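Just so it is clear, the structure is predicted and the values come from calculations on it, not from any experiment. All heavy atoms count here, side chains included; hydrogens, waters and symmetry mates do not.
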Amino acid sequence: MEIAANIGLPGEEADALKAGAEGIGLLRTEFLFQGRDVAPDEEEQYRAYRLILQALGTRPVIARTLDIGGDKPAAFLALPREDNPFLGFRAIRIGLARPDLLKTQLRALLRAGEGGNLKIMFPMVATVEEMRAARELTLRAHAELVASGVRCAATVEIGAMIEIPSAALIADRLSAHADFFSIGSNDLTQYTLAADRGNPAVAGLFDALHPAVLRLVDMVIRASHEAGKWTGMCGELAGELDAIPILLGLGLDEFSMGAAAIPQAKALIRKLWVEETKLLAEEALRQPGAGEVRLLVKEWMHVHL
């Protein structure tokens, strides 16, 4: 099991390492793209990514490709207004529609990954076709760099971010085209419960410990393990103390969270016995709602800690 950090700006990797992070489980690359009229070129991206990867040395760095659209506008794309942008043209959908943009980023990442432990994952994957196309584009970019004699990562793991229920439900099929999964619990909860996480009117519905969400998490982990792959989580749930025993019991391989949450998360995990958490996870999946799951965890922790 690994405890990693989510970062979104250069320099944050230093704070993550000080907090005890064993790697970067989510490098948000949007910082290079937002608030500008022209997309960054390959060299600019390469330099930014390289600094972060060098700071991590041989520790893993999972870079998420451009996750733009929805609540993250980008002026240079001149995206049309959408009535429901969270279900619209965003993330991997933009990347595959603009392969020139995505390929430039992939080349920069692959170059920056030379000598490091780079992993690349694609956001908002909904179908096998999307994952297959994204993987092929990555391998093509790598082959072109190698053929041109450009120094780059020798190999790279390619993963899918599981944020949409459809991806969780077909995780057994996606595993043929992904080396790992990383669960984005925030969006997965939002889409599963049809509750906008930014809307206070439905805030009571938004709870990532709802059994419906946990069952999808369980499906993803089981599918990855059956395929000999691994699953991490980079959503807020990964750093939530009430959730950690359940996620451990479900078999989650990597927990990635904000740097500030790492010390407490590590302290809790050191106190837990995996076999006991498995029984807790099984019981959590049988609960009717999030409230019951939270009560179950509190009672379990009172007894076992």
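- Note that the CG atom of L137 and the NE2 atom of H142 stand 13.5 Å from one another [nearest 0.5 Å].
- Using a 4.5 Å heavy-atom cutoff, the side chains of F181 and M161 are not in contact.
- Side-chain contact between I269 and K266 is absent, with no heavy-atom pair separated by less than 4.5 Å.
- The nearest pair of heavy atoms linking G249 to A281 is C-CB, 3.8 Å.
- Of the possible polar contacts, one joining the E163 side chain to the M124 backbone as a donor-acceptor pair under 3.5 Å is found.
- Although no hydrogens or angles enter the test, the distance criterion places no donor-acceptor pair under 3.5 Å between the side chain of K271 and the main chain of L305.
- Although no hydrogens or angles enter the test, the distance criterion places no donor-acceptor pair under 3.5 Å between the side chain of R197 and the main chain of F206.
- At distances below 3.5 Å, at least one donor-acceptor pair connects side-chain atoms of N186 with backbone N or O atoms of E236.
- Atom CG of L296 sits about 11.5 Å away from atom CE of M301, to the nearest 0.5 Å.
- The neighbour count for Q287 CD, taken as heavy atoms of other residues, nucleotides or ligands under 6.0 Å away, is above 12.
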Stepwise, does the side chain to side chain contact (heavy atoms under 4.5 Å, CB included) test hold for Y191 with D187? CA-CA 6 Å; Y191 292 129; D187 271 341; 3.9 Å; yes
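- Using a 4.5 Å heavy-atom cutoff, the side chains of L216 and M219 are in contact.
- There is no side-chain donor-acceptor pair under 3.5 Å between N117 and T58.
- Rounded to the nearest 0.5 Å, atoms CG (N6) and CG (L26) are 4.5 Å apart.
- Nearest heavy atom pair, residue A133 against residue L96, reads CB-CD2, 4.0 Å.
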Check the pair K278 / E283 against salt bridge (Lys or Arg N to Asp or Glu O under 4.0 Å), numbers first and verdict last. CA-CA 9 Å; K278 287 180 180 178; E283 188 64 25; over 6 Å; no
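- Residues passing the ring-ring contact (aromatic ring centres under 6.0 Å, His included) test with H304 are W300, sequence neighbours excluded.
- No donor-acceptor pair under 3.5 Å is formed between the side chain of T189 and the backbone N or O of D207.
- Residues S256 and M233 have side chains not in contact (no heavy-atom distance under 4.5 Å, counting atoms from C-beta outward).
- Residue-environment remark: CZ (R132) exceeds the threshold of 12 foreign heavy atoms within 6.0 Å.
- Two residues are said to be in side-chain contact when any heavy atoms from C-beta on lie closer than 4.5 Å; S185 and V213 fail this criterion.
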Step-by-step side chain to side chain contact (heavy atoms under 4.5 Å, CB included) determination, L250 to R222: CA-CA 8 Å; L250 292 176; R222 287 179 182 274; over 6 Å; no
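- Grouping Ile, Leu, Val, Met, Phe, Trp and Tyr residues whose side-chain heavy atoms lie under 4.5 Å apart, directly or via other members, places V202 in a hydrophobic cluster with L205.
- In the hydrophobic clustering of this structure, I62 does not group with L102; members are Ile, Leu, Val, Met, Phe, Trp, Tyr whose side-chain heavy atoms approach within less than 4.5 Å, directly or through other members.
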Derivation of the side chain to side chain donor-acceptor pair (under 3.5 Å) call for Y49 and Q105: CA-CA 10 Å; Y49 304 145; Q105 181 176 35; 3.1 Å; yes
Working note: R215 + D218, criterion salt bridge (Lys or Arg N to Asp or Glu O under 4.0 Å); need CA distance, chi angles, decisive distance, verdict. CA-CA 5 Å; R215 289 185 184 191; D218 181 50; over 6 Å; no
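- Residues P211 and G289 approach most closely at CD-C, 3.4 Å, considering heavy atoms.
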Verdict with supporting geometry, F122 and T138, side chain to side chain contact (heavy atoms under 4.5 Å, CB included): CA-CA 10 Å; F122 295 92; T138 307; 3.2 Å; yes
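- At a threshold of 4.0 Å, the pair E12-R28 does not count as salt-bridged, since none of the basic side-chain nitrogens sits closer than that to a carboxylate oxygen.
- The closest donor-acceptor contact from the side chain of R36 to the backbone of L32 lies under 3.5 Å.
- Rounded to the nearest 0.5 angstrom, I24 CD1 and K119 NZ are separated by 13.0 Å.
- With a 6.0 Å cutoff to the six-membered ring centre and a 45° limit on the axis angle, R111 counts as a cation-pi contact of Y46.
- In this structure, E254 contributes its side chain and I3 its backbone to no donor-acceptor pair below 3.5 Å.
- Counting only distance, with no hydrogens or angles, the side chain of T29 and the backbone of R64 share a donor-acceptor pair below 3.5 Å.
- Taking hydrophobic clusters as Ile, Leu, Val, Met, Phe, Trp and Tyr residues chained together by side-chain heavy-atom distances below 4.5 Å, I170 does not share a cluster with M121.
- Checked against ring-ring contact (aromatic ring centres under 6.0 Å, His included), F180 has the following partners two or more places apart in sequence or in another chain: W230.
- Within the 4.5 Å cutoff, the side chain of E13 has no heavy atoms near those of the L27 side chain.
- The nearest pair of heavy atoms linking V125 to I164 is O-CD1, 3.9 Å.
- Both L109 and L66 sit in one connected hydrophobic cluster of ILVMFWY residues. Membership requires side-chain heavy atoms under 4.5 Å apart, directly or through other members.
- Looking at T231 and S182, their side chains never come closer than 4.5 Å, going by heavy atoms from C-beta outward.
- Placement of L209 and V220 within a single hydrophobic cluster is found when ILVMFWY residues are connected by side-chain heavy-atom separations under 4.5 Å, directly or transitively.
- Taking a 6.0 Å sphere around CD of E44, one finds it holds more than 12 heavy atoms contributed by other residues, nucleotides or ligands.
- In terms of modelled atom types and a separation under 3.5 Å, the side chain of E30 and the main chain of D67 share a donor-acceptor contact.
- With a 4.5 Å cut-off on side-chain heavy atoms, K298 and D242 count as touching.
- Within a 6.0 Å sphere centred on CZ of R294, heavy atoms belonging to other residues, nucleotides or ligands number more than 12.
- One hydrophobic cluster holds both I52 and L9 under the rule that ILVMFWY side chains link at heavy-atom gaps under 4.5 Å.
- Taking all atoms of both residues into account, the shortest heavy-atom contact from L101 to F76 is CD1-CE1, 4.1 Å.
- Heavy atoms only, all atoms of each residue included: A134 and I92 are closest at CB-CD1, 4.0 Å.
- Atom CG of L268 and atom CD of E240 lie 11.5 Å apart (nearest 0.5 Å).
- Using a 4.0 Å cut-off between charged side-chain N and carboxylate O, R135 and D179 make a salt bridge.
- Under the 3.5 Å distance criterion, the side-chain polar atoms of S224 are matched with a main-chain donor or acceptor of I221.
- In this structure, CG on D253 lies 8.5 Å from CE on M1, to the nearest 0.5 angstrom.
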Check the pair L280 / I246 against side chain to side chain contact (heavy atoms under 4.5 Å, CB included), numbers first and verdict last. CA-CA 6 Å; L280 170 66; I246 295 176; 4.0 Å; yes
